[in-house]
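See structure below.
These numbers come from a predicted model, not from an experiment. Numbered from 1 within each chain, the chains take letters A, B, ... in sequence-line order.
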Amino acid sequence: MLKMSTLFLRTLRDDPADAEVASHRLLVRAGYVRRIAAGIYSWLPLGYITLRNIERVIREEMDAAGFQEVHFPALLPREAYETTNRWTEYGPDLFRLQDRRGADYLLGPTHEEMFTLMVKGEYSSYKDLPLSLYQIQTKYRDETRPRSGIIRGREFVMKDSYSFDLTDEGLAISYKKHRDAYIKTFDRLGMKYNIVSAMSGAMGGSQSEEFLAPCPTGEDTYVLCESCGFAANVEAMRTGASAVDANNTPAMQVVETPNTPTIETLVAVLNERYGSGFTGSDTLKNVLLVADGKNISVLVPGDREVDLKRLQANLPGVQDVRLFDDSDFTKNPQLVKGYVGPQAAQEFGLVLYADPTVATGSAWVTGANKVGQHALNVVSGRDFHVDGYVEAAEIRQGDACPECASPVVIDRAIEIGHIFQLGRKYAQALDLTVLDSDGKPRVVTMGSYGIGVSRAVAAIAEQNHDELGLSWPMEIAPAKVHIVATGKEDKPFDVALDLGLALEKAGVSVMLDDRRDASPGVKFKDAELIGVPIIVVVGKGLIEGKVEIRIRRTGERSEVLFENALGTILNHM
RNA sequence: CGGGGCGUAGCGCAGCUUGGUAGCGCACCAGGCUGGGGGUCUGGUUGUCGCAGGUUCAAAUCCUGUCGCCCCGACCA
């Protein structure tokens, strides 16, 4: 029983100055965590109990799915990460250190190599597969900018699993098993979440989904179709337009458009001189970028910006994308800033990409590659030819769902889980093979599945709080019942303790506010801040033999006779 | 890495412009009153004023450097 009289806890009346988001503010105020350095936190008793409750749920579901828990060191030698090139590839995000002899070590940011090598060390037959292993581990990433308290730290607890299969079909099955286990886990954790399709990244892998917990302070933006349920990370959102028959479109015509370097000014001049009704979406924007040193042009409708994240995620193999700067324009005098058109892109040494909304046959107003001139009726496929299509335009609320064409909504969320089919990248690099039934070695295919455990504490706090404080779901709350004893006599304190013991006997975790020196108001405020789901007040009602039961989440209150209290509380579980 | 801001008691902050014995609220300690919504009165404890150097009779305050932290963006998943 957690007794407030001795519990190592000090709640704060004021919000800490450096906390912005609700989870951070409340977890600090309620005495769950304390900051040690940027992105590094200590867990106090209440916080650590909550964290372990989440771990417990995760373990139970992983074990139930038949996955086996292992544990790796957080401190790792350089060699393994050398083989897969991540010692360099991971870059400055990797915490590196040396031992007294000057040998290089790192603090594990993720453990693909270790799992792969562990399986390689033990197994060598197809009969041993499939296999799924997991661990719950502290991970280290030297983030450029840790933020939002526990949500994005430099040290954090993560559950990561890996599946090992001989075949792609086997991998699909393992993937599905993890997906199901994740659904059970997050449901038990009392979280609201969406499963969205995500980019698996440049390194192959066929399927990738993220579990996103919607909340306004989240760092991820995703697209959701409320009518058919389609959900996707913004990077993975698909857009498009069907090809248009351009036979009736008049020939391209170059017109004078003085002082129109922006879409806005262009639309104004068009309407003034060449008929009304032009809008930004009739124009075609030619955004010039440098992708890994090569000049590229990306076409998007004039009323949209290029979303660099989407663009980069959809240009496989490209490491670095940046917008043209003034020196790039100086180096390429054929490209007239503000008046670029795609008609001569290839001549100008550009690789020409178009957003899928710029469909074949569609007609546009675009630059004529001369200062003060634009071209009307520029038809894709007739007047210019793209080298490829790439998702690049920004996604907006109301854009068409790729599945059912209904308008989508855009929402923010915290990524709490990510599952993806890794494929053979690591197995190949580390030479993890098993002998198949024909006696030939086959490279194993892997899946990778993560849950942000410490982040889940914050995400749940984000989704479960009000102006009074935290409000935990039953499974993970630091206690299920918080008994507050008030008054100056011994009686309510004795009764409260008896009730607490009875609840514990019934298997219910209990926090008891048995402080004799705190006023009732302080105790109520603390109880609400701490966020245990059921609050029982033992105090003045005792004269009539009654105690009060409050439901933290709803604020609902009821008085019951003491002899019925235990039963009533158990009914609320 | 770009932009903005902040380092003074456990927490929230004032003091710095104009240099002169370091303050307020909360918390904490002792005692009294109070006892169902962070109550109240009296008395107390708590500080390398982020760090280093400089100017000065004298530096939290002025100067130089440095470290750390927060927010927005870029980056990351």
Side-chain angles (χ1 to χ4, degrees), chain A residues 9-21 24-25 28-31 34-40 44 89-94 109-110 139-149 151-154 156 158 160 196 198-201 203 208-212 217-222 233-236 307-309 312-313 319-323 413-420 448-452 455 468-469 484-489 492-493 513 515-530 535 537-543 546-548 550 555 557 559:
Chain A
L9 169 73
R10 196 101 300 161
T11 57
L12 304 178
R13 191 183 293 228
D14 298 313
D15 283 337
D18 57 2
E20 201 77 357
V21 300
H24 188 196
R25 232 176 52 230
V28 171
R29 263 192 69 199
R34 291 288 181 254
R35 197 183 69 82
I36 295 301
I40 303 178
L44 278 60
E89 229 173 52
Y90 220 96
D93 276 10
L94 198 60
T110 170
K139 309 278 186 179
Y140 298 86
R141 292 183 196 171
D142 193 358
E143 297 278 349
T144 342
R145 186 156 97 77
R147 69 180 101 183
S148 307
I151 295 175
R152 183 172 212 81
R154 294 194 292 172
F156 55 97
M158 181 171 163
D160 53 331
V196 314
M199 303 295 296
S200 44
M203 45 168 85
S208 171
E209 288 170 295
E210 289 173 352
F211 287 71
L212 299 183
T217 47
E219 303 180 286
D220 288 78
T221 309
Y222 72 104
N233 195 305
V234 163
E235 285 88 335
D307 181 334
L308 281 175
K309 276 176 139 179
Q312 183 155 9
Q319 295 294 313
D320 179 59
V321 178
R322 62 171 179 83
L323 289 166
I414 300 171
E415 179 186 347
I416 45 167
H418 192 174
I419 54 178
F420 69 105
S448 164
Y449 319 90
I451 293 178
R455 177 181 278 188
L468 297 172
V484 175
T486 68
K488 36 183 179 183
E489 312 301 326
F493 289 84
D513 198 339
R515 291 175 294 178
R516 301 299 288 251
D517 50 356
S519 72
V522 170
K523 294 181 180 180
F524 295 150
K525 289 288 184 205
D526 274 347
E528 282 145 0
L529 181 59
I530 289 166
I535 298 168
V537 184
V538 182
K540 66 178 186 188
L542 224 45
I543 301 165
K546 287 180 175 172
V547 299
E548 184 182 332
R550 302 180 180 180
R557 302 177 179 196
E559 283 205 303

Given A:His418 and A:Ser208, is the side chain to side chain donor-acceptor pair (under 3.5 Å) satisfied, shown in steps?
CA-CA 7 Å; A:His418 192 174; A:Ser208 171; 2.9 Å; yes
Is [X] touching bases, backbone alone, or none of the nucleic acid, heavy atoms closer than 4.0 Å?
| X | value |
| --- | --- |
| A:Arg322 | nothing |
| A:Val537 | base |
| A:Glu548 | base |

Among residues at least two apart in sequence or on other chains, which ones pass ring pair (Phe, Tyr, Trp, His ring centres under 6.0 Å) with A:Tyr449?
A:His178
With [atom1] as the reference atom in both, quote the distance from [N] to [M] in angstrom, rounded to an integer.
| N | M | atom1 | value |
| --- | --- | --- | --- |
| B:rC49 | B:rA22 | P | 10 Å |
| B:rC67 | B:rG10 | P | 25 Å |
| B:rG15 | B:rC24 | P | 15 Å |
| B:rU46 | B:rC1 | C1' | 41 Å |
| B:rA14 | B:rG32 | C1' | 32 Å |
| B:rC57 | B:rC13 | P | 37 Å |

Set of residues satisfying salt bridge (Lys or Arg N to Asp or Glu O under 4.0 Å) with respect to [X], sequence neighbours excluded:
| X | result |
| --- | --- |
| A:Glu209 | A:Arg179 |
| A:Asp18 | A:Arg35 |
| A:Asp307 | none |
| A:Asp220 | none |

Who are the side chain to side chain contact (heavy atoms under 4.5 Å, CB included) partners of [X], not counting sequence neighbours?
| X | result |
| --- | --- |
| A:Asp14 | none |
| A:Thr110 | A:Arg86, A:Tyr90, A:Glu112, A:Arg141, A:Tyr162 |
| A:Ile543 | none |

Which residues share a side chain to side chain donor-acceptor pair (under 3.5 Å) with A:Glu219, sequence neighbours left out:
A:Arg147, A:Arg152
Does A:Lys488 place a side-chain N or O at less than 4.0 Å from the phosphate oxygens OP1/OP2 of B:rG35?
yes
Would you mind telling me which residue lines up with the more 5' stretch of RNA chain B, A:Leu529 or A:Arg455, judged by nearest nucleotide?
A:Leu529
I want to confirm an ordering. Mapping A:Arg550 and A:Val321 to their closest nucleotides on RNA chain B, which one lands closer to the 5' end?
A:Arg550
Which protein N or O atoms sit under 3.5 Å from an N or O of nucleotides 45-51 of chain B?
none

Watson-Crick or G-U wobble partner of [N], both distances under 3.5 Å:
| N | value |
| --- | --- |
| B:rA30 | B:rU42 |
| B:rC62 | B:rG54 |
| B:rG37 | none |
| B:rC6 | B:rG68 |
| B:rG73 | B:rC1 |
| B:rC16 | none |
| B:rG47 | none |

Pairs under 3.5 angstrom, nitrogen or oxygen only, protein versus nucleotides 68-71 of chain B, please.
from, atom 1, to, atom 2, distance (Å)
B:rC69, OP1, A:Ala38, N, 3.3

Can you find a donor-acceptor N/O pair under 3.5 angstrom joining the side chain of A:Asp526 to the base of B:rG38?
yes
Which value, rounded to the nearest 0.5 Å, describes the distance between A:Arg154 atom CZ and A:Arg145 atom CZ?
13.0 Å
Does A:Arg516 make a cation-pi contact with A:Phe493 (under 6.0 Å, within 45 degrees of the axis)?
yes
Would A:Phe211 and A:Ile451 count as a side-chain contact (heavy atoms from CB on, under 4.5 Å) here? Give the steps.
CA-CA 9 Å; A:Phe211 287 71; A:Ile451 293 178; over 6 Å; no
Where along nucleotides 23-30 of chain B does protein come under 4.0 Å, by heavy atom, of base (B) or sugar-phosphate alone (S), with - for untouched nucleotides?
--BSSS--
